[in-house]
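Data first, discussion second: the structure below is written as structure tokens.
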Amino acid sequence: ASRTSLDMDPGDRGFLFEHNQELYYATFDLSSAVRLTNNPGREQWPKFSPDGKSVAFVRDYDLYAVDVAGPTEHRLRTGGRDDLRHGHADWVYYEEIFNRRWPAFWWGPDSKQIAFMEFDDAGVPLHTVVDDTSSTRREEKTHYPKSGEPNPKVRFGTVGKDGGPVRWADLADYSADSFLISDVGWWPDSSGPYCYVQNRTQTWLDLVKFNPADPSGPIKRVFRDSTKAWIESPGAIHWLTDGSFLWFSERDGWKHLYHYGADGTLKAQLTSGAWEVRSLEHVDSKNGWIYFTGTRD
């Protein structure tokens with residue numbers, strides 16, 4: 001294998017490994033092992049579906065999925081290249097938005113759909129640097145916008161794990177030249193994905209839900225969070241069993257937890273004061289308690 005860490009399936013029954021730029025799957029009980037891919041090009045950022053029956057990955061800037069049993073490979077997007085990426089972040093999003101993460105695709109909870117982002121860097125200027133880490137210096141050119149220059153144009157959509165048409169979210173209400181998508185996830189019932197849409201200066205953040213069953217219909221802006229300063233992505237939504245959710249916000253000047261109904265109605269601010277919540281550690285749904293770390297004491 002090309003590395004020693006293991007990408008295990010959700011049931012911890014088996015794992016992925018890479019050999020000679022191909023993906024393989026093997027079970028821990030040694031009952032089976034299978035080669036999943038057999039095509040030129042490296043499979044990057046492989047992710048198991050929640051049911052463990054499929055693996056999605058990126059090859060040459062296009063999105064694919066492969067069935068573990070079979071296996072059958074499905075090409076979900078075409079036309080990928082360095083300046084038009086499907087499910088693979090460009091440098092700006094990797095470095096400045098996604099906290100140094102390249103993959104930009106997300107399995108739906110039902111394991112039937114995948115949400116992904118498309119990055120169009122055609123209008124982003126090239127920035128040249130010299131790589132001094134090799135014995136012979138190499139010149140590298142990267143799409144990199146300086147202040148005021150165009151950012152990559154992004155789209156957000158869904159596609160079935162076996163292929164078919166892409167359903168794109170209609171984000172025409174936002175300026176194509178200035179909005180960012182700072183995170184993506186799914187409603188727990190698989191009714192649709194959500195994304196966080198922000199302005200370039202990141203002083204507001206919209207929680208937007210998209211219904212793939214009605215791609216021509218309007219998106220739903222669940223609510224807008226805003227501050228006079230900068231809004232960081234709150235990370236994945238913390239869902240509760242009744243469909244409501246917990247949300248991190250710094251709207252009052254301090255990072256605190258808020259409780260929202262499934263329709264986006266604010267139920268309560270759960271923590272407050274001149275201190276910050278750092279992380280949500282555990283939710284005890286049965287007894288109605290949350291456990292978190294913070295800077296209060």
Side-chain angles (χ1 to χ4, degrees), residues 18 21 40-47 55-65 75-107 114-131 133 138-159 166-186 193-206 208 210 219 230-236:
E18 181 185 336
Q21 295 192 350
R42 184 180 181 184
E43 291 73 35
Q44 295 178 290
W45 337 124
K47 291 184 185 179
V55 176
F57 58 88
V58 173
R59 182 194 296 131
D60 295 330
Y61 304 121
D62 278 329
L63 187 62
Y64 292 78
R75 186 170 186 169
L76 309 183
R77 287 298 289 152
T78 60
R81 56 184 187 271
D82 181 59
D83 62 356
L84 186 65
R85 303 181 176 203
H86 303 122
H88 183 151
D90 77 327
W91 190 92
V92 175
Y93 270 79
Y94 161 80
E95 179 70 23
E96 306 293 354
I97 307 296
F98 290 162
N99 196 23
R100 295 202 163 194
R101 289 180 291 114
W102 289 112
F105 59 92
W106 299 263
W107 278 101
I114 302 173
F116 71 99
M117 288 177 60
E118 177 188 84
F119 304 85
D120 183 353
D121 277 67
V124 180
L126 285 169
H127 182 69
T128 303
V129 296
V130 176
D131 181 0
T133 61
R138 295 186 302 115
E139 183 182 87
E140 293 182 352
K141 293 185 178 182
T142 302
H143 291 277
Y144 176 87
K146 298 178 182 178
S147 296
E149 293 180 341
N151 264 337
K153 293 183 178 181
V154 295
R155 290 201 291 177
F156 159 61
T158 65
V159 65
V166 174
R167 299 171 176 87
W168 296 107
D170 183 1
L171 299 175
D173 288 343
Y174 299 98
S175 172
D177 296 324
S178 62
F179 78 84
L180 307 169
I181 295 178
S182 54
D183 214 336
V184 175
W186 280 84
Y194 65 81
C195 69
Y196 303 152
V197 180
Q198 297 191 250
N199 57 333
R200 184 163 178 165
T201 52
Q202 292 179 264
T203 56
W204 53 256
L205 181 151
D206 285 352
V208 171
F210 171 52
I219 59 171
W230 171 68
I231 296 183
E232 183 180 15
S233 167

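FYI, side chains are in, hydrogens and waters are out, and symmetry mates aren't considered; it's all heavy atoms of this structure.
- A distance of 6.0 Å separates NE2 in His86 from CG in Asp62, rounded to the nearest 0.5 Å.
- Two residues are said to be in side-chain contact when any heavy atoms from C-beta on lie closer than 4.5 Å; Pro193 and Trp106 fail this criterion.
- In terms of heavy-atom proximity, Ala104 sits nearest to Phe98 at CB-CE1, 4.0 Å.
- Contact check for Phe156 versus Ile219: no side-chain heavy atoms found under the 4.5 Å cut-off.
- Across all their heavy atoms, Val92 and Pro145 have their closest contact at CG2-CD, 3.1 Å.
- Contact between Arg59 and Pro40 at its shortest, heavy atoms only, is CD-O, 3.3 Å.
- The closest side-chain heavy-atom distance from Tyr61 to Leu84 is not below 4.5 Å.
- Remark: aromatic rings of Phe116 and Trp168 are close, center separation under 6.0 Å.
- Using a 4.5 Å heavy-atom threshold, the side chains of Pro234 and Leu205 count as touching.
- Contact check for Asp206 versus Tyr174: side-chain heavy atoms found under the 4.5 Å cut-off.
- Between the CZ atom in Arg77 and the CD1 atom in Ile114 there is a gap of 12.5 Å [rounded to 0.5 Å].
- For the pair Trp45 (side chain) and His88 (backbone), a donor-acceptor distance under 3.5 Å is absent.
- The shortest non-hydrogen separation linking Val55 to Trp107 is C-CZ2, 4.1 Å.
- Side-chain contact between Trp91 and Glu96 is present, with heavy atoms from C-beta onward closer than 4.5 Å.
- One finds no salt bridge joining Asp120 and Lys153 here, because no Lys/Arg side-chain nitrogen approaches an Asp/Glu carboxylate oxygen to under 4.0 Å.
- At least one side-chain heavy atom of His143 sits under 4.5 Å from a side-chain heavy atom of Asp82.
- For the pair Val154 and Tyr93, the minimum side-chain heavy-atom distance is below 4.5 Å.
- Taking a cutoff of 4.0 Å between a charged side-chain nitrogen and a carboxylate oxygen, Glu95 and Arg100 qualify as a salt bridge.
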